[in-house]
Amino acid sequence: MASEAGGRASREEVARAMSPHGGGEPDMAAEAGGGASREEVARAMSHGGGEPDMAAESSGRVDGEKEDEGWRSYESVFTNQKAGMDDVDRDWVKKVVYENSKNSPHFRNEQRKAEQATRRIQEMLRRKEALLSQNQLAGYDQSAAKLVAELEATRDLSHWWFHVDMDAFYASCHELMDPTLAGVPMAVGGVGMISTANYQARKYGVRSAMPGFIALKLCPDLKFCPSDFALYKTKASEVRAILAQYDPNFLAAGLDESYLDVTSCLEARGESPDALARCIRDHVRRETGLTCSIGVACNRMLAKICSDLNKPNGEFVLQRSREAVLAFTSSLPVRKVPGIGKVTERILSGLGLNLARDLVSRSSAGLVVALFSEKASGALLRAGLGLGRSGAPDEDAGAGRKGISVERTFRPLRGKGLEAKLAEICAKLEDAMMDKGLRARHITVKMKGTDFVVRTKSKTLPFYTNSAEAMLQHATKLTSFDSDLRLIGVRMAGFEGDAVEQGQATLDSLFLDREPEEPAVSSVGGGGYFCETCKKHVAETKAEHEDWHLARSLQREVWSAGGLGASRKQAALPSKKAKCVGGMDLFVTKRPRKME
DNA sequence: GCGGATCAC
DNA sequence: TATGGTGATCCGC
Ligand SMILES: Nc1ccn([C@H]2C[C@H](O)[C@@H](COP(=O)(O)OP(=O)(O)OP(=O)(O)O)O2)c(=O)n1
Ligand SMILES: [Mg+2]
Ligand SMILES: [Mg+2]
């Protein structure tokens with residue numbers, strides 16, 4: 001996606017049932033031939049030839065021919081629940097995706113990863129059995145009970161949080177520019193990859209991160225819009241300007257979603273959360289022409305889950321009581337919890353934990369604590385209790401970006417051709433880093449082979465840099481040029497002035513090497529000088545060169561004052577302090593923990 | 001400090 | 001024919 005820095009999110013939805021508030025207007029969804037018919041199945045799946053390839057049901061198989069049932073077990077990311085997918089024939093989608101993927105290197109790599117996850121799950125189950133057979137779970141049950149009690153004591157029901165998430169954001173932006181698009185199934189991206197799709201296209205199973213050529217099999221009439229980030233950024237700031245009126249300290253998490261603490265706003269207006277959510281949605285739609293959905297709850301995690309329940313153009317209010325929250329997690333599939341993805345869902349499922357509330361049940365909380373790392377189990381228990389961040393975002397944490405990277409996919413290359421790609425990438429990275437006034441010393445090269453296997457190679461430099469030359473020199477040493485790659489990328493992290501380095505700053509400055517000086521290239525006359533930001537010798541005079549830096553910055557965005565030399569530039573507050581912090585928690589990675 | 005894996009948009 | 005780009009975190013070693 002775009003520059004906006006970290007944020008979490010996930011869509012997915014819980015049983016749409018319980019919702020007290022439905023989407024507003026009748027809206028889209030109405031006409032536009034819903035879904036695809038059975039007969040289209042064969043067409044979508046037949047490669048080239050005109051074989052009948054009859055639908056699965058047809059029992060009259062010809063002689064020894066065996067039906068390929070592989071699709072049943074192919075759980076691609078495209079078949080899980082997602083806003084706009086209720087009426088989709090999931091088995092049909094699964095089958096079409098499978099049939100159009102199965103012989104590709106990409107597919108084989110997915111299979112490899114899935115098998116790896118399976119091994120991990122089995123290892124976990126093995127450890128569970130070991131614990132059971134040795135009757136060691138009792139101790140964990142006890143410590144889990146204590147942990148749960150401690151967590152429960154932190155429950156904070158005093159805030160009202162809104163999570164505002166734009167509907168089919170990129171696609172809606174294009175529909176705004178060309179209203180004729182609004183009536184037809186449309187996706188943003190191209191035959192290679194789709195960023196998102198409007199809700200008409202979603203009826204066919206078309207969705208984010210799906211290759212366009214597969215989407216075309218699902219929906220032959222699908223129209224594509226090439227992406228236009230400038231457009232999305234413009235619309236995003238329009239939306240944020242509105243949201244800031246309801247909470248000047250709102251948190252932006254990516255271009256299309258924000259968290260608002262409206263506790264005091266509600267107080268001041270003497271309004272109900274329902275009414276305010278409605279008001280904000282109307283306001284956004286009136287001024288931008290875009291629809292959004294809002295989730296309302298006492299903390300950010302729950303609000304985020306709720307914003308998906310009545311998408312598109314809807315809202316969901318989770319009442320602010322312990323009972324309501326626990327009832328909610330009791331029917332909440334773990335997959336809906338932000339941070340629990342495909343793999344973690346499989347792991348939990350293997351343990352018989354399917355609903356969030358299961359994670360804290362008397363019978364399994366101990367298991368969670370026993371099998372997962374301290375961080376992971378803490379996060380899982382919190383999810384089960386419906387606890388999340390509800391206070392002001394940490395001033396300190398997530399204060400800024402921690403890395404910056406550029407990567408590109410291309411027709412498989414090696415040798416000289418690959419060297420050229422690497423050079424291009426380093427040039428782009430230099431651009432981006434100079435724009436932001438960043439220099440860093442951890443360099444990582446990312447390589448993806450034609451088999452889609454990803455490898456990274458990294459090292460720490462003895463100096464900070466953002467010069468394309470320096471980065472290229474070291475990236476080259478980290479890269480394998482002797483086999484075909486389909487992607488290469490470079491990431492820089494460990495920024496000058498970052499926390500890790502704060503206390504050490506003076507010491508570092510004494511011990512860190514200087515980047516090897518440039519051979520003082522001729523340059524014209526006498527005018528050149530050594531620019532600290534570029535970390536290289538430039539031909540212009542100092543004044544000229546600094547002007548150039550200035551112009552360069554202004555061209556792209558407005559920066560706050562004080563940007564002398566290499567100091568880190570600050571975005572000139574879009575609305576207030578829209579810090580793009582990932583408000584969630586530290587979920588992710590739940591690996592087997594060392595016993596004891 | 002490094003490399004792999006997972007997750008989110 | 002054909003499966004993206006950016007950023008973050010966590011864990012084991
Ligand atoms: N794998 C992804 C997921 C999303 N996006 C982009 C396109 C989306 O428009 C935008 C916002 O992501 P959402 O998950 O909020 O999805 P949408 O806004 O498109 O749809 P929804 O109505 O489900 O929120 O981010 C992307 O480029 N790649
Ligand atoms: Mg959205
Ligand atoms: Mg979103």
Side-chain angles (χ1 to χ4, degrees), chain A residues 1-12 47-48 76-78 97 100-101 103-107 109-110 113 116-117 120 165-166 169-170 188-196 208-217 227 229 232 252-257 304 335 337-347 372-376 379 397-398 400-411 425 428-429 432 441-448 452-460 478 486-487 489 491-494 500 580-582 584-594:
Chain A
M1 212 182 88
S3 55
E4 212 60 30
R8 312 264 172 283
S10 83
R11 228 96 325 273
E12 333 313 22
H47 330 175
S76 81
V77 282
F78 305 124
V97 170
N100 287 283
S101 299
N103 292 320
S104 68
H106 179 270
F107 177 84
N109 188 51
E110 289 302 304
K113 289 197 293 186
Q116 183 176 288
R120 186 169 147 194
D165 189 297
M166 306 306 295
F169 183 52
Y170 292 2
V188 177
V191 247
M193 182 54 56
I194 285 174
S195 289
T196 196
S208 287
M210 179 180 276
F213 66 90
I214 289 181
L216 275 174
K217 303 280 186 176
S227 47
F229 288 96
Y232 316 141
L255 277 186
D256 98 315
E257 58 196 85
K304 176 162 180 64
R335 183 66 168 85
V337 176
I340 296 183
K342 195 170 81 162
V343 173
T344 309
E345 177 188 33
R346 277 189 62 192
I347 293 175
F372 292 93
S373 74
E374 200 171 325
K375 273 192 154 54
R401 73 161 70 227
K402 303 218 164 51
I404 186 168
S405 64
V406 174
E407 66 188 53
R408 289 288 177 272
T409 293
F410 39 76
R411 166 182 58 87
I425 280 164
K428 288 191 194 306
L429 191 52
R441 53 195 278 243
H442 300 318
I443 183 169
T444 304
V445 171
K446 173 175 170 180
M447 293 158 278
K448 179 150 57 177
F452 285 85
V453 174
V454 173
R455 289 220 160 64
T456 62
K457 207 125 182 73
S458 70
K459 70 173 169 178
T460 305
L478 296 172
R486 73 179 337 266
L487 169 146
R491 167 185 161 88
M492 295 295 290
V500 184
C580 300
V581 65
M584 295 298 93
D585 219 328
L586 312 166
F587 290 106
V588 196
T589 38
K590 296 96 180 36
R591 321 213 74 179
R593 181 171 38 151
K594 276 229 170 65

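Throughout, a chain's letter reflects where its sequence line sits, starting with A, and its residues are numbered from 1.
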K.L.:
Does A/Lys457 reach a base, just sugar-phosphate, or nothing at all? Heavy atoms under 4.0 Å.
P.N.:
sugar-phosphate
K.L.:
OP1, OP2 of C/dG5 versus side-chain N and O of A/Thr409: anything below 4.0 Å?
P.N.:
yes
K.L.:
Is there a side-chain contact between A/Thr456 and the phosphate of B/dC2, meaning an N or O under 4.0 Å from OP1 or OP2?
P.N.:
no
K.L.:
Verify the contact: side-chain N or O of A/Arg411 to OP1 or OP2 of C/dA2, cut-off strictly under 4.0 Å; return yes or no.
P.N.:
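Checking A/Arg411 against C/dA2: no side-chain N or O falls below 4.0 Å of OP1 or OP2.
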K.L.:
For A/Glu110, which contact category applies under a 4.0 Å heavy-atom criterion: base, sugar-phosphate, or nothing?
P.N.:
nothing
K.L.:
Output the rounded distance in Å from NE2 (A/His442) to C1' (B/dC2).
P.N.:
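Computing the A/His442:NE2 to B/dC2:C1' distance gives 11 Å.
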K.L.:
In whole angstrom, what separates A/Glu374's CD from C/dC10's C1'?
P.N.:
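So the two atoms are 13 Å apart, to the nearest Å.
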K.L.:
Heavy atoms from C-beta onward define the side chain here; which of B/dC2, C/dG5, C/dA2 lies closest to that of A/Arg408?
P.N.:
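From the listed options, C/dG5 comes nearest.
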K.L.:
Check every atom of C/dG4, C/dT3, C/dG5 against the side chain of A/Ser104 and return the nucleotide holding the closest atom.
P.N.:
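Looking only at side-chain atoms, A/Ser104 lies closest to C/dT3.
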K.L.:
Nearest to the side chain of A/Phe213, heavy atoms from C-beta on, is which of C/dC11, B/dT6, C/dT3?
P.N.:
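Out of C/dC11, B/dT6, C/dT3, the nucleotide with an atom closest to A/Phe213's side chain is C/dT3.
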K.L.:
Nearest heavy atom decides the nucleotide; on that basis, is A/Glu345 or A/Ser458 closer to the 5' end of DNA chain B?
P.N.:
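The residue closer to the strand's 5' end, by nearest nucleotide, is A/Ser458.
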K.L.:
Partners of A/Lys113 by salt bridge (Lys or Arg N to Asp or Glu O under 4.0 Å), sequence neighbours excluded?
P.N.:
A/Glu110
K.L.:
Rounded to whole angstrom units, what separation is found between the CZ atom of A/Phe229 and the P atom of C/dT6?
P.N.:
9 Å
K.L.:
Which nucleotide sits closest to the side chain of A/Met193: B/dA5, C/dT3, C/dT6?
P.N.:
C/dT3
K.L.:
Closer to the 5' end of DNA chain C via nearest nucleotide, is it A/Lys446 or A/Arg486?
P.N.:
A/Arg486
K.L.:
Run the salt bridge (Lys or Arg N to Asp or Glu O under 4.0 Å) test against A/Lys446 and tell me which residues pass, sequence neighbours left out.
P.N.:
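Salt bridge (Lys or Arg N to Asp or Glu O under 4.0 Å) check on A/Lys446 returns A/Glu407.
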K.L.:
Does any N or O donor sit under 3.5 Å from an N or O acceptor when you compare the side chain of A/Thr344 with the base of B/dT6?
P.N.:
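Such a pair does not exist between side chain and base.
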K.L.:
Among the candidates C/dT3, C/dA8, B/dT6, find the nucleotide nearest to the side-chain atoms of A/Lys402.
P.N.:
C/dA8
K.L.:
From the options C/dG4, B/dT6, B/dA5, select the nucleotide whose nearest atom is closest to the side chain of A/Ala209.
P.N.:
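For A/Ala209, the side-chain atoms sit closest to C/dG4.
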K.L.:
For C/dT6 and A/Arg401 - does any side-chain N or O of the residue sit under 4.0 Å from the phosphate oxygens OP1/OP2?
P.N.:
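For C/dT6, neither OP1 nor OP2 has a side-chain N or O of A/Arg401 closer than 4.0 Å.
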K.L.:
What do the steps show when you test A/Arg491 against A/Thr456 for side-chain contact (heavy atoms from CB on, under 4.5 Å), and what is the final call?
P.N.:
CA-CA 10 Å; A/Arg491 167 185 161 88; A/Thr456 62; over 6 Å; no
K.L.:
Using the closest heavy atom to pick a nucleotide of DNA chain C for each, name whichever of A/Ile404 or A/His106 lands nearer the 5' end.
P.N.:
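Here A/His106 is the residue nearer the 5' end.
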K.L.:
Below 4.0 angstrom from OP1 or OP2 of B/dT6, is there any side-chain N or O of A/Lys342?
P.N.:
no
K.L.:
Using a cut-off of 6.0 Å, state whether more than 12 heavy atoms not belonging to A/Lys428 lie near its atom NZ.
P.N.:
no
K.L.:
Tell me: CD1 of A/Ile194 to C1' of C/dA2, nearest whole Å?
P.N.:
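Taking CD1 of A/Ile194 and C1' of C/dA2, I get 12 Å after rounding.
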K.L.:
From the list B/dG4, C/dA2, C/dT3, which nucleotide is the closest neighbour of the side chain of A/Arg455?
P.N.:
B/dG4
K.L.:
Using a cut-off of strictly less than 4.0 Å, decide whether A/Thr460 has a side-chain nitrogen or oxygen near OP1 or OP2 of B/dG1.
P.N.:
no
K.L.:
Can you tell me how the ring of A/Phe452 sits relative to the ring of A/His106, calling it parallel under 30°, perpendicular over 60° and tilted otherwise?
P.N.:
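Because their plane-to-plane angle is over 60°, the rings of A/Phe452 and A/His106 count as perpendicular.
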K.L.:
Starting at CG of A/Leu255 and ending at P of C/dG5, how long is that distance when rounded to a whole Å?
P.N.:
17 Å
